[in-house]
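Encoded as structure tokens, the structure appears first; notes follow it.
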2 protein chains.
Amino acid sequence: MEPKYKHILETIKTQIIEEKYPAGSMLPDQNTLAKEFKTSRMTVKKALDMLAIEGFIYSRRGSGTFVKKNALAQQDALPVNDYGGLSRRFSKSRVKSKPIVFDVTFPTPEVKERLELKQNEPVYEILRLRLVDNTPYALEHTFMPISLAPNLSKEILFDSIYAYLTKEVKLEIGGAFRKISAEKTEANDLKYLESEANDPILQVEQVVYLQDGRPFEYSISRHPYNGKHAYTIFDRKK
Amino acid sequence: MEPKYKHILETIKTQIIEEKYPAGSMLPDQNTLAKEFKTSRMTVKKALDMLAIEGFIYSRRGSGTFVKKNALAQQDALPVNDYGGLSRRFSKSRVKSKPIVFDVTFPTPEVKERLELKQNEPVYEILRLRLVDNTPYALEHTFMPISLAPNLSKEILFDSIYAYLTKEVKLEIGGAFRKISAEKTEANDLKYLESEANDPILQVEQVVYLQDGRPFEYSISRHPYNGKHAYTIFDRKK
DNA sequence: GAGTGGTCTAGACCACGAG
DNA sequence: TCGTGGTCTAGACCACTCG
């Protein structure tokens, strides 16, 4: 059974998208909505709170609840959190992966610190070239503790590691720390990304955490310069 | 009067930071907490929900509420949203601004679209070199609708525009859209950022929105390459 | 089955904004 | 002053996990 507040949330969201509540307009007050949806005010409030978090509305004590001026832009905005990597940003058929390195090693001090490893716990080391529509999209260097996914095979590397881990191994992603920087071209970039000698490289370094806070992946992705590559974020306050 | 749930939130957060509730441990159940804090379970729940959003804990129906393994790392993590620009990331005394251009013009089509302007509404055009500890930190090219801040003066440009707008003009920031990319060096970078000819530039393009959804600033910041510049994000699911 | 969190109710009082 | 949203209560029922 779907929670009632979710039904209210979806109904109001649809009405905003269909401009039944146009941008800038005021929503009915919470008591009225509670009667309309035959529920209590608290439940309406919960639905409105979540719509505010999603960026559709904002409330002002004493005044009312209003549709944001840019509410319509929110509907297909990617959530800030885009896990699931490439396969979720592009349709699966357009994404290909070419494994270059698949190894089990002992971590460097850097990797050990990022993954918060004890002792000499071994890690997977994976280097993959990611292609979208057969053009180089990123060179991904990934490290994962073996303990979290003991059965990784080279076959999976051609496909989506994320899909495998979340669906088969049932790991739950909780968040990620990312560091984005501009870097100079290196030998591997020339070799795999078809970069030219003085092209800037967009580098995304990330540690992905599980829901309980354990780090489960440390990776460095290098994107070629072609005027197309950018990392976009939509940020909301609170 | 401070809301009760905030008091509960702060109390539990302190206990987590002081490791009275160590990482990985289970919190008392909601009924127990409600009794301890002499309140209702709903109020405890609200405090716990917000602690979860802040990344300190996670709850599992049927099992309990647990302190995240990396909870301690959260305490001084910048929120995902860092508005207020430089002056909030660095102590004020270290930041200086050197205005290069301060003008009122009609917007280019690009700027007009980003700021969702009607007709031929004029905009401020500002180009500033931002310095931290007297070294070039960024070259900021900013456009703002005049209507939102009619009294901007050149004096303010030496200081924090954000502080002026949020404190004096009382505008409330609601969120931002950012696009981060790696770019090639241009003439202005050589001139102001002390970049060398083939250095990569980290560029952050952003539109900042007010709480009601109106865009209020469009800017492009270019950061020099020196191994230090990176854009960091901490992302949490949900 | 016992214990946990998720949701919901039908009220209540308060803080704030606008006329 | 009145209408708004923010918070809070003291219960209740349900869904889920685990021993």
Side-chain angles (χ1 to χ4, degrees), chain A residues 1-12 16 21 24-68 71 170-172 174 210-213 237-238, chain B residues 1-12 16 21 24-68 71 170-172 174 210-213 237-238:
Chain A
M1 168 84 182
E2 191 191 53
K4 202 174 282 190
Y5 75 86
K6 265 195 186 154
H7 170 247
I8 300 172
L9 189 160
E10 292 302 332
T11 304
I12 298 179
I16 290 173
Y21 297 130
S25 67
M26 192 170 92
L27 258 53
D29 70 277
Q30 297 179 357
N31 283 307
T32 305
L33 287 172
K35 276 176 204 158
E36 270 184 26
F37 286 104
K38 297 197 206 320
T39 185
S40 68
R41 207 186 125 207
M42 285 290 297
T43 303
V44 166
K45 176 70 167 35
K46 172 142 193 178
L48 294 180
D49 280 350
M50 307 208 61
L51 272 171
I53 289 174
E54 290 187 31
F56 286 90
I57 62 174
Y58 64 103
S59 297
R60 290 209 166 301
R61 174 168 8 199
S63 310
T65 300
F66 304 86
V67 179
K68 279 199 185 184
K170 298 227 163 92
L171 296 177
E172 278 180 85
L210 297 178
Q211 214 184 48
D212 68 3
K237 231 179 172 174
K238 256 212 301 188
Chain B
M1 169 80 182
E2 191 191 52
K4 203 175 280 189
Y5 75 87
K6 266 196 185 153
H7 170 248
I8 300 173
L9 187 159
E10 292 303 331
T11 305
I12 297 180
I16 290 173
Y21 296 130
S25 67
M26 193 171 95
L27 258 52
D29 69 277
Q30 297 179 357
N31 282 307
T32 306
L33 287 171
K35 275 177 204 157
E36 271 183 24
F37 286 104
K38 295 195 208 319
T39 185
S40 69
R41 205 186 126 207
M42 284 290 296
T43 303
V44 166
K45 176 70 168 35
K46 172 144 192 176
L48 294 180
D49 279 350
M50 307 209 59
L51 272 172
I53 288 175
E54 290 188 30
F56 286 89
I57 62 173
Y58 64 103
S59 297
R60 289 205 168 303
R61 166 153 36 186
S63 309
T65 300
F66 304 86
V67 180
K68 279 198 185 184
K170 298 227 164 91
L171 296 179
E172 279 180 84
L210 298 178
Q211 214 183 48
D212 67 3
K237 229 177 173 178
K238 259 211 305 186

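We use all heavy atoms of the structure for the numbers below, so side chains are in, but hydrogens, waters and symmetry mates are not.
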Evaluate the side chain to side chain contact (heavy atoms under 4.5 Å, CB included) criterion for residues A:Phe66 and B:Asp212: first the C-alpha distance (whole Å), next the side-chain angles of each, then the deciding distance (0.1 Å), finally the verdict.
CA-CA 8 Å; A:Phe66 304 86; B:Asp212 67 3; over 6 Å; no
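- Side-chain contact between B:Asn31 and B:Arg41 is present, with heavy atoms from C-beta onward closer than 4.5 Å.
- Between B:Leu27 atom CG and C:dT4 atom P the separation is 12 Å, expressed in whole Å.
- Put simply, B:Lys4 has no side-chain N or O that comes within less than 4.0 Å of OP1 or OP2 on D:dG6.
- Between B:Asp49 atom CG and D:dT7 atom C1' the separation is 15 Å, expressed in whole Å.
- When every heavy atom of A:Ile12 is checked against every heavy atom of A:Leu33, the shortest pair comes out as CD1-CD1, 4.4 Å.
- Atom NZ of B:Lys45 and atom C1' of C:dT4 are 12 Å apart (whole Å).
- In the interface, the side chain of A:Arg41 is paired with the base of D:dG6 through a donor and an acceptor atom under 3.5 Å apart.
- A distance-only check finds a donor-acceptor pair linking the side chain of B:Thr11 to the backbone of B:His7 [under 3.5 Å].
- A close approach under 4.0 Å does occur between a side-chain nitrogen or oxygen of A:Tyr5 and OP1 or OP2 of C:dT7.
- Taking 4.0 angstrom as the limit, B:Thr43 places a side-chain polar atom (N or O) nearer than this to OP1 or OP2 of D:dT9.
- Between B:Thr65 and C:dG5 there is a side-chain N or O to OP1 or OP2 distance below 4.0 Å.
- With rounding to whole Å, B:Tyr58 atom OH is found 14 Å from D:dT17 atom P.
- Between B:Glu2 and B:Arg60, the one whose closest nucleotide on DNA chain D sits nearer the 5' end is B:Glu2.
- Using the Watson-Crick or G-U wobble rule with both distances under 3.5 Å, D:dG19 pairs with nothing in any strand shown.
- For D:dG6, one of the phosphate oxygens OP1 or OP2 lies less than 4.0 angstrom from a side-chain nitrogen or oxygen of A:Gln30.
- Taking atom CD1 on A:Ile8 and atom C1' on C:dT9, their separation rounds to 13 Å, with Å as the unit.
- Computed from coordinates, the A:Met42 CE to C:dT7 P distance equals 12 Å when rounded to whole Å.
- Between the P atom of D:dC13 and the CZ atom of B:Arg61 lies a distance of 17 Å, rounded to the nearest Å.
- Checking A:Ser63 against A:Ser40, the closest nucleotide of DNA chain C that is more toward the 5' end is the one next to A:Ser40.
- Nearest heavy atoms, A:Lys45 versus A:Gln30: CD-NE2, 3.4 Å.
- Along DNA chain C, the nucleotide closest to A:Thr39 and the one closest to B:Met1 are compared, and the more 5′ of them pairs with A:Thr39.
- Of the nucleotides present, C:dA12 is the one that pairs with D:dT7 by Watson-Crick or G-U wobble criteria, both distances under 3.5 Å.
- For the pair B:Leu48 CG and C:dG5 C1', the computed distance is 10 Å after rounding to whole Å.
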